[in-house]
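What follows is one structure encoded as structure tokens, with my remarks underneath.
Ligands are counted one by one from 1 in listed order, and the atoms in each one are counted from 1 as well. Just so we're clear, the structure is a prediction, and the values are computed from it rather than from any experiment.
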Amino acid sequence: MSYAIAIDGPAGAGKSSIAKCLADRLGIIYVDTGALYRVIGLAVYREAGICSDPDVICRIAGKTQVKLLHNEKGQRVYLADEDVSEEIRREEISQMASIVSAVPFVREKLLSLQRDMAHSQSVVMDGRDIGTRILPDAEYKVFLVCPAEERARRRLNQLKEQGLTGDYDQILADIKERDHRDMNREVSPLKKAEDAIEFDTSGMTAEGMAERIIEEMKICPKSC
Ligand code: DC
């Protein structure tokens with residue numbers, strides 16, 4: 001029997017690292033849905049720069065081909081035939097992803113892609129509306145939280161590890177702006193599902209958090 005674990009929460013709460021650990025531990029696939037919005041954000045950015053005009057976004061999103069593949073290295077995302085898995089992580093694409101994700105046409109376009117992934121196999125899927133809209137019948141629902149200041153510190157450390165620099169105040173402001181947009185948009189805002197269990201990831205490692213989720217929610221590996 002296949003099952004789904006839905007993980008939602010704000011940017012930087014540790015969703016993807018925790019979801020990857022869970023998928024490894026349980027022997028199931030990890031689906032990062034934010035990457036799909038990022039591909040559309042990238043397509044819009046390439047053609048129109050930083051742009052929040054819904055007409056322009058719909059026009060570009062309508063012709064954008066998004067593909068999601070899994071190999072031994074994990075998930076790869078494609079804009080038509082181009083692997084853009086690294087490029088979509090740029091800071092301006094984070095902002096664009098947040099902007100395009102508020103457009104109903106974009107959310108509808110990506111809905112079936114996400115549902116299809118969970119149809120025939122067990123998945124850990126992370127995003128903002130997985131437990132509330134994409135997989136409302138998911139067997140396990142997790143909602144991760146973490147104060148914005150700690151999320152900004154983590155982001156700064158990540159940048160340092162990559163040999164990059166960043167400004168803490170700017171990162172904190174960007175995080176708060178994205179939180180506000182993600183939580184207040186009209187369609188599928190970031191919200192805890194009623195039947196989700198909330199975990200605060202402050203001070204926790206991804207491995208520690210995955211362990212705790214498996215124990216507290218009594219999740220079995222695929223084979224059990
Ligand atoms: O998780 P992420 O930071 O890669 O997501 C990028 C943006 O996409 C984020 O600002 C919110 C949006 N998103 C969404 O609206 N719904 C999802 N299921 C996943 C991401």
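- Residue Asp32 places no N or O, backbone or side chain, under 3.5 Å from any N or O of ligand 1.
- Using a distance-only test at 3.5 Å, with no hydrogens or angles considered, no donor-acceptor pair links the side chain of Thr201 to the main chain of Met204.
- Protein heavy atom at the shortest distance from atom 9 (C) of ligand 1 is Arg128 NH2, 3.4 Å.
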side-chain contact (heavy atoms from CB on, under 4.5 Å) between Leu26 and Tyr3, intermediate numbers included: CA-CA 11 Å; Leu26 298 166; Tyr3 60 80; 3.8 Å; yes
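- Of the residues listed (Asp126, Leu36, Leu68), the one engaging Val31 in a side chain to side chain contact (heavy atoms under 4.5 Å, CB included) is Leu68, and it is the only one.
- Tested against Met125, the residues Ile134, Ile5, Ile29 include a single side chain to side chain contact (heavy atoms under 4.5 Å, CB included) partner, Ile134.
- Under the side chain to side chain donor-acceptor pair (under 3.5 Å) criterion, Ser94 pairs with Arg38, sequence neighbours left out.
- For residues 158-169, the pairs satisfying side chain to side chain donor-acceptor pair (under 3.5 Å) are Arg155-Gln158, with sequence neighbours left out.
- Of the heavy atoms in Arg38, only side-chain atoms (C-beta onward) come closer than 4.0 Å to ligand 1.
- Counting only heavy atoms of the protein, atom 19 (C) of ligand 1 lies nearest to Thr33 OG1, 3.4 Å.
- No donor-acceptor pair under 3.5 Å is formed between the side chain of Gln75 and the backbone N or O of His70.
- Under a 4.0 Å criterion applied to the non-hydrogen atoms of Asp182, ligand 1 contributes the atoms 9 (C), 10 (O), 11 (C).
- At a 4.0 Å cut-off, at least one heavy atom of Arg185 sits close enough to ligand 1 to count as contact.
- Considering backbone and side-chain N/O of Ser94, none are found under 3.5 Å from N/O of ligand 1.
- No N or O atom of Asp126 sits closer than 3.5 Å to an N or O atom of ligand 1.
- Of all protein heavy atoms, the one lying nearest to atom 7 (C) of ligand 1 is Ala97 CB, 3.7 Å.
- Remark: the Arg181 side chain and the Ser52 side chain contain no N/O donor-acceptor pair separated by less than 3.5 Å.
- Every N/O-N/O distance between Lys15 and ligand 1 stays at or above 3.5 Å.
- Protein heavy atom nearest atom 3 (O) of ligand 1, with residue, atom name and distance: Arg178 NH2, 2.6 Å.
- The protein heavy-atom contact nearest to atom 8 (O) of ligand 1 is Tyr37 CB, 3.6 Å.
- Annotation: Lys218, atom NZ; neighbour count of heavy atoms from other residues, nucleotides and ligands within 6.0 Å does not exceed 12.
- When non-hydrogen atoms are compared, ligand 1 lies under 4.0 Å from the side chain of Ser101 (C-beta onward) but not from its backbone.
- The closest protein non-hydrogen atom to atom 16 (N) of ligand 1 is Arg107 NH2, 3.0 Å.
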